[in-house]
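Written out below as C-alpha cells is the structure these notes cover.
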Amino acid sequence: MSSSPDPFAFLAGPPEQLAPELLGAVLRHGPVAVRLTEVEAYGGSHDPGSHAYRGPTRRNASMYADAGTLYCYLSHGIHVCANVVVGPVGEPGALLLRAGRVVTGSDAVEQRRPGVVEGSWARGPGNLGRSLGLGLEHDGTDLRTGPVRLELPSTSSVAAHPVTWTSGPRVGLRSASDRPWRFMTVDDPSVSAYRRHPKADGRDR
DNA sequence: TAAAAGATCGACT
DNA sequence: GTCGATCTTTTAA
C-alpha cells in the first residue's frame, strides 16, 4: 500500500539509456505544457561534454541532487536551459531538454515568441526555456512536486504518446562531439538542426 | 541551402 | 581573461 511504485524510479539509470523514454513526455509550467521531442544525455566525470566533468561547482550543484530534480543553467548569459537530473545518487547525470511541441498554453507562448511559427516555438533548448517561462529560480526544484512538473506516460494520459525516434551526435559540443547521445523524434518540425562546434576536437589539423 | 559571425554576460580557471 | 550544452541574422555558393 504505502509503497506504490515510483514512476520516477527509472530515472536512476544511465542517462543515455533512459533518454529516449522521455521523448513524448510532457513538461508543464503553469498554463504552458510542452511535449518533448528532442533530448540529449550527459554523463558525469567520464563525459567531457558534461558540466559535471570537472567536478561539482556552483552552477552544476543540482546535477548532484536526486534523479527527478530540475537543473536550470544560464547559457551565454541569456538563455535558460532545462535539464532533468538522472542517474544513481552520487553519479551526476542529466538530460538536456533541447526541444518540444507546445500542447497547451499557446496564447502565452505566442506572446513570448512573437513572429515565430508554431512548430519552432520550443525549437532549441533556449527557446524551450523561454516558451515555458523558466528561470534560474527553478533550478534545483523537484519535478514531481515543484512549480515545474514532468508528466510521464505512467502519470498522465497526455504524456502517453508513442513516438518514433532516432539518435545522433550532440549539438555544439567541442569535446566528445561524436557520442550519439542526442535523441530526437522523427518527422517533427520542432527538432533543431544539427550543428557541429566550429572548433570540435578530432577533425583536420 | 549552408556556413559564418555577432550578441551578451555569468561561470570557471 | 576566456569560453560557452545558444539564437538570430547576414553573406556566400
Side-chain angles (χ1 to χ4, degrees), chain A residues 14-16 18-20 22-23 27 34 36-65 69-87 91-102 109-140 148 167-185 189-205:
Chain A
E16 71 276 17
L18 57 86
L22 280 194
L23 296 176
L27 190 66
V34 167
L36 302 178
T37 57
E38 184 183 356
V39 166
E40 275 179 5
Y42 285 89
S45 54
H46 294 296
D47 181 4
S50 173
H51 283 170
Y53 181 55
R54 303 185 187 187
T57 65
R58 185 209 206 89
R59 178 177 58 172
N60 67 20
S62 295
M63 287 184 72
Y64 294 81
T69 298
L70 178 64
Y71 166 43
C72 290
Y73 71 93
L74 204 55
S75 178
H76 290 71
I78 46 184
H79 304 292
V80 176
C81 301
N83 303 249
V84 176
V85 175
V86 298
E91 182 63 32
L95 300 178
L96 170 63
L97 310 180
R98 284 197 59 85
R101 203 63 180 279
V102 176
V109 178
E110 203 158 26
Q111 293 180 20
R112 289 167 180 162
R113 308 236 50 199
V116 179
V117 297
E118 184 273 337
S120 298
W121 278 344
R123 190 179 190 218
N127 291 331
L128 182 129
R130 193 196 301 183
S131 295
L132 280 168
L134 299 180
L136 293 183
E137 69 271 22
H138 298 119
D139 180 46
V148 183
S167 63
R170 293 177 290 186
V171 177
L173 287 197
R174 189 171 184 173
S175 302
S177 54
D178 53 343
R179 293 193 192 187
W181 284 6
R182 176 182 180 228
F183 305 86
M184 54 208 140
T185 303
S190 65
V191 174
S192 56
Y194 174 67
R195 278 169 44 171
R196 185 171 165 275
H197 191 289
K199 297 177 182 175
D201 295 333
R203 297 287 185 281
D204 307 37
R205 331 206 19 145

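Letters A, B, ... mirror the listed sequences (proteins, then strands); counts begin at 1.
- Without hydrogens or angle criteria, A/Ser50 side chain to A/Gly43 main chain gives a donor-acceptor distance under 3.5 Å.
- Under the stacking definition used here (centres under 5.5 Å, planes under 30°), the residue A/Tyr73 fails to qualify as stacked on the base of C/dA5.
- Along DNA chain C, the nucleotide closest to A/Gly124 and the one closest to A/Arg174 are compared, and the more 5′ of them pairs with A/Arg174.
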Side chains of residues 126-133 of chain A: which donor-acceptor pairs under 3.5 Å do they make with residues two or more places apart or in other chains?
{"from": "A/Asn127", "atom 1": "OD1", "to": "A/Arg113", "atom 2": "NH1", "distance (Å)": "3.2"}
{"from": "A/Asn127", "atom 1": "ND2", "to": "A/Arg123", "atom 2": "O", "distance (Å)": "2.7"}
{"from": "A/Ser131", "atom 1": "OG", "to": "A/Trp121", "atom 2": "O", "distance (Å)": "2.8"}
{"from": "A/Ser131", "atom 1": "OG", "to": "A/Asn127", "atom 2": "O", "distance (Å)": "2.9"}

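- Checking A/Ser62 against A/Thr69 by side-chain atom types alone, no donor-acceptor pair falls below 3.5 Å.
- The salt bridge (charged side-chain N to carboxylate O under 4.0 Å, His left out) check on A/Glu118 picks up A/Arg101, with sequence neighbours excluded.
- In this structure A/Arg179 satisfies the salt bridge (charged side-chain N to carboxylate O under 4.0 Å, His left out) test together with A/Asp47, sequence neighbours excluded.
- Contact annotation for A/Asn83: base contact, defined as any heavy-atom pair under 4.0 Å involving a base atom.
- Minimum atom distance to the side chain of A/Tyr42 is reached by C/dA5, of the listed B/dT13, C/dA5, C/dT6.
- Between the side chain of A/Asn60 and the main chain of A/Gly55, a donor-acceptor pair closer than 3.5 Å is present.
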ask   = Where along nucleotides 1-11 of chain B does protein come under 4.0 Å, by heavy atom, of base (B) or sugar-phosphate alone (S), with - for untouched nucleotides?
value = ----B--BBSS

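- Consecutive pairing runs in DNA chain B reach the stem threshold at B:1-7 with C:6-12, B:9-12 with C:1-4, where a stem means at least three Watson-Crick or G-U wobble pairs with distances under 3.5 Å.
- A search for salt bridge (charged side-chain N to carboxylate O under 4.0 Å, His left out) contacts involving A/Glu38 returns A/Arg98, A/Arg182, not counting sequence neighbours.
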